[in-house]
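Single-structure report; data block below.
Bear in mind that the values here come from a model prediction, so they are computed numbers and not experimental data.
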Amino acid sequence: MSNTIWSVDEHLEDVLAAVKPLEPIELQLPDAQGCVLVEDVTVPVALPPFDNSSMDGYAVRVADVAGASEEFPAVLTVIGDVAAGSGELPAVGPGQAARIMTGAPLPPGAEAVVPVEWTDGGTGGGPATTMRPAGAAPEGAGGEVRVHRPAEARAHVRARGSDVQAGDLALAAGTVLGAPQIGLLAAIGRGSVTVRPRPRVVVLSTGSELVQPGEELGQGQIYDSNSFALAAAAREAGAIAYRVGAVTDDAEVLRATIEDQLIRADLLVTTGGVSVGAYDVVKEALSSVGDEDEPGSGIDFRKLAMQPGKPQGFGSIGPDHTPLLALPGNPVSSYVSFELFVRPAIRTLMGLPDVHRPRARAVLSADKPLSSPAARRQFLRGTYDADEATVTPVGGSGSHLIAALAQADCLIVLPEDVTSAEPGTEVEVILLG
């Protein structure tokens with residue numbers, strides 16, 4: 001670890017300069033969820049591809065139901081059924097109607113659809129012609145239906161291309177594929193797309209004092225929260241996260257564990273063991289890692305002008321020079337470091353143009369002034385009120401206060417040249433929600 005003090009911005013710039021977007025691959029739709037498109041997707045055929053009914057009812061000609069009322073209904077001959085997926089369609093002529101189901105194509109000659117609620121259900125004047133579920137065997141022609149209300153042209157008809165037209169841009173490159181986007185791709189017939197895959201992020205914590213939740217604590221032990229929090233944060237950022245159980249304070253064990261994880265990692269994140277203590281095994285295990293023939297390989301441990309999160313490590317490891325970010329072990333320090341450095345790295349691997357959390361200006365709502373050490377950028381937990389444009393600190397500045405972190409939805413940023421912020425002062429906040 002050098003004695004040089006890095007700024008937050010310098011460290012972030014160093015990280016992002018070394019992290020490149022993952023190479024695009026073609027994935028089937030179920031596997032593409034959460035990935036980023038690298039191609040513009042255009043619509044090959046109009047959606048919907050044909051005029052279809054938005055109601056269960058009867059396909060009719062407008063002139064045949066003009067003036068229809070409860071007292072003087074229009075009496076039409078039912079010539080057949082049109083179900084969703086129907087191939088051959090009956091032609092509707094003067095004085096005729098075709099029973100039609102929701103989503104079924106509008107038959108030739110028909111100009112509108114009257115809902116079944118506007119009719120007698122097709123029971124009057126002939127054989128029973130009540131509505132049946134789509135897909136039921138058609139009864140075919142026969143019977144009459146009494147229509148009690150007129151219908152305008154195109155009533156209850158979904159027009160061909162009313163959603164999207166052939167040749168329209170469906171989704172632009174850079175779109176993150178969520179459930180609606182996957183649905184649209186399926187609707188226009190795309191079975192696969194070219195995307196940047198979700199980054200695989202391996203998270204592991206270090207410390208012989210760490211015990212997995214659900215196990216019994218021994219003397220001097222604490223539960224491992226960091227690996228759970230950071231793996232969850234990686235998933236929220238868009239990654240596929242793999243959490244590795246806490247590694248004991250043994251440099252050889254840690255080095256072997258990291259080497260085992262390289263096969264499934266696009267990015268490695270460690271937490272703990274980067275300070276100046278006698279048992280800071282991450283530094284011991286990784287300081288000498290690197291290829292002398294590859295400039296820039298290996299892990300550099302450095303001090304940052306920030307609080308919390310002063311000790312940090314960054315570099316690459318393994319034959320593929322997999323990026324590794326070594327974060328401090330205190331829970332708040334590790335989470336703040338993740339938000340500032342790891343999340344942007346994940347978003348860069350995804351190929352997103354905007355990799356940072358949104359920021360806002362807010363008026364500080366506090367009972368007393370906030371203090372900050374000189375020459376360090378401080379990040380305090382807070383709750384942000386968007387309606388009032390105010391922010392309220394939660395918890396203290398201690399890097400172990402994880403309960404307060406769970407209540408926060410933003411980070412209050414106090415710059416390096418600010419040592420005190422009075423209530424009513426406007427401050428910058430990083431929005432975490």
Requested in this report: Would you indicate whether the side-chain heavy atoms of Val65 and Tyr58 approach each other to under 4.5 Å?
Outcome: no
Query raised in the report: Closest approach of Glu216 and Val211, non-hydrogen atoms and distance?
Result: O-CG1, 4.1 Å
Report task. Run the numbers on Leu340 and Leu12 for side chain to side chain contact (heavy atoms under 4.5 Å, CB included), then give the verdict. Result -> CA-CA 8 Å; Leu340 296 179; Leu12 177 60; over 6 Å; no
Query raised in the report: With a 4.5 Å limit on heavy-atom distance, are the side chains of Ile430 and Arg359 in contact?
Result: yes
**Report entry** Within 6.0 Å of CD1 in Ile222, more than 12 heavy atoms from elsewhere
**Finding:** yes
Requested in this report: Answer whether the closest heavy-atom distance between the side chains of Val203 and Phe338 falls below 4.5 Å.
Outcome: no
Report task. State plainly whether the residues Arg190 and Glu39 are in salt-bridge range, i.e. N to O under 4.0 Å. Result -> yes
Query raised in the report: Rounded to the nearest 0.5 Å, how far does CG of Leu185 lie from CD of Gln28?
Result: 11.5 Å
Report task. State whether a side-chain donor-acceptor pair under 3.5 Å links Gln181 with Thr175. Result -> no
Report task. To the nearest 0.5 Å, tell me how far Cys410 SG sits from Glu339 CD. Result -> 11.5 Å
Query raised in the report: So which heavy atom on Ala345 is nearest to which on Val15, and how close?
Result: CB-CG1, 4.1 Å
Requested in this report: Answer yes or no: is there a side-chain heavy-atom contact under 4.5 Å between Val391 and Leu364?
Outcome: yes
**Report entry** Separation between CD1 of Ile25 and CZ of Arg196, rounded to the nearest 0.5 Å
**Finding:** 11.0 Å
Query raised in the report: Taking NZ, NE, NH1 and NH2 as the nitrogens, is one of them in Arg160 or Asp51 under 4.0 Å from a carboxylate oxygen of the other?
Result: no
Query raised in the report: Salt bridge check: are Asp163 and Arg158 linked by an N-O gap of less than 4.0 Å?
Result: no
Query raised in the report: Would a distance-only check, ignoring hydrogens and angles, find a side-chain to backbone donor-acceptor pair under 3.5 Å from Asp409 to Tyr384?
Result: yes
**Report entry** side-chain contact (heavy atoms from CB on, under 4.5 Å) partners for Ala68, two or more places apart
**Finding:** Ala74
Query raised in the report: Below 4.5 Å, heavy atoms only, C-beta onward: do Leu177 and Gln33 meet side chain to side chain?
Result: no
Requested in this report: List the steps and the verdict of side chain to side chain contact (heavy atoms under 4.5 Å, CB included) for Arg255 and Ile317.
Outcome: CA-CA 10 Å; Arg255 187 181 292 111; Ile317 186 172; over 6 Å; no
**Report entry** Exam field: side chain Thr248 to backbone Ser208, donor-acceptor pair closer than 3.5 Å
**Finding:** no
Query raised in the report: Looking at side-chain heavy atoms only, is the closest gap between His148 and Asp120 below 4.5 Å?
Result: yes
Report task. Return the minimal non-hydrogen interatomic distance between Met101 and Ala84, and the atom names on each side. Result -> CB-N, 4.3 Å
Query - Donor-acceptor contact present, side-chain Gln261 to main-chain Ile258, <3.5 Å - result: no
Query raised in the report: Above 12 or not: heavy atoms from other molecules or residues under 6.0 Å from CD of Glu10?
Result: yes
**Report entry** Distance in Å, Leu29 CG paired with Ile182 CD1, rounded so as to fall on 0.5 Å steps
**Finding:** 5.0 Å
Query raised in the report: Counting N and O atoms only, with roles assigned by atom type, does the side chain of Glu428 sit under 3.5 Å from a partner on the main chain of Val413, one being a donor and the other an acceptor?
Result: no
**Report entry** Heavy-atom donor-acceptor pair, Asp300 side chain to Phe314 backbone, under 3.5 Å
**Finding:** no
Report task. Keeping the roles fixed (side chain from Thr194, backbone from Leu37), state whether a donor-acceptor pair exists under 3.5 Å. Result -> no
**Report entry** Heavy atoms from other residues, nucleotides or ligands near CD of Glu215 exceed 12 (cutoff 6.0 Å)
**Finding:** yes
Query raised in the report: Any donor-acceptor pair under 3.5 Å linking the side chain of Ser316 with the backbone of Pro323?
Result: no
Report task. Measure the CG-CG distance between Leu89 and Leu106 for me, rounded to the nearest 0.5 Å. Result -> 9.0 Å
Requested in this report: Start with the C-alpha distance between Asp249 and Glu209, add both sets of side-chain angles, then the distance that settles side chain to side chain contact (heavy atoms under 4.5 Å, CB included), and finish with yes or no.
Outcome: CA-CA 9 Å; Asp249 289 322; Glu209 77 280 11; 4.2 Å; yes
Query raised in the report: Can you find a heavy atom in the side chain of Phe379 that is under 4.5 Å from one in the side chain of Val332?
Result: no
**Report entry** Any donor-acceptor N or O pair under 3.5 Å, side chains Asp224, Ser205
**Finding:** yes
Result block: side-chain N/O donor-acceptor pairs under 3.5 angstrom for residues 231-247, not counting sequence neighbours:
| residue | atom | partner | partner atom | Å |
| --- | --- | --- | --- | --- |
| Arg243 | NH1 | Gln212 | OE1 | 3.0 |
| Arg243 | NH1 | Ser227 | OG | 3.0 |
| Arg243 | NH2 | Gln212 | OE1 | 3.3 |

**Report entry** Donor-acceptor contact present, side-chain Asp250 to main-chain Glu252, <3.5 Å
**Finding:** yes
Report task. May I have the step-by-step check of side chain to side chain contact (heavy atoms under 4.5 Å, CB included) for Leu230 and Leu327, ending in yes or no? Result -> CA-CA 10 Å; Leu230 300 189; Leu327 312 183; 3.9 Å; yes
Query - Non-hydrogen atoms of Thr271 and Pro328 that approach each other most closely - result: OG1-O, 3.0 Å
**Report entry** Salt-bridge present (Arg377, Glu416; N to O < 4.0 Å)
**Finding:** yes
Query raised in the report: Does the Arg381 side chain pair with the main chain of Leu405, one donor and one acceptor, at a distance under 3.5 Å?
Result: no
Requested in this report: Report yes or no: does Asn52 contribute a side-chain atom to a donor-acceptor pair with the main-chain N or O of Phe50 at less than 3.5 Å?
Outcome: yes
Query raised in the report: Between Pro308 and Val336, what is the shortest heavy-atom contact and its length?
Result: CG-CG2, 4.2 Å
**Report entry** Spacing of CZ belonging to Arg302 relative to NE2 belonging to His11, to within rounding of 0.5 Å
**Finding:** 5.5 Å
Query raised in the report: Under 6.0 Å from the CD atom of Glu13, do we count more than 12 heavy atoms belonging to anything else shown?
Result: no
**Report entry** Which atom of Ala305 lies closest to which atom of Val8, heavy atoms considered
**Finding:** O-CG2, 4.2 Å
Query raised in the report: Can you find a pair of side-chain heavy atoms, one from Leu262 and one from Asp320, that are under 4.5 Å apart?
Result: no
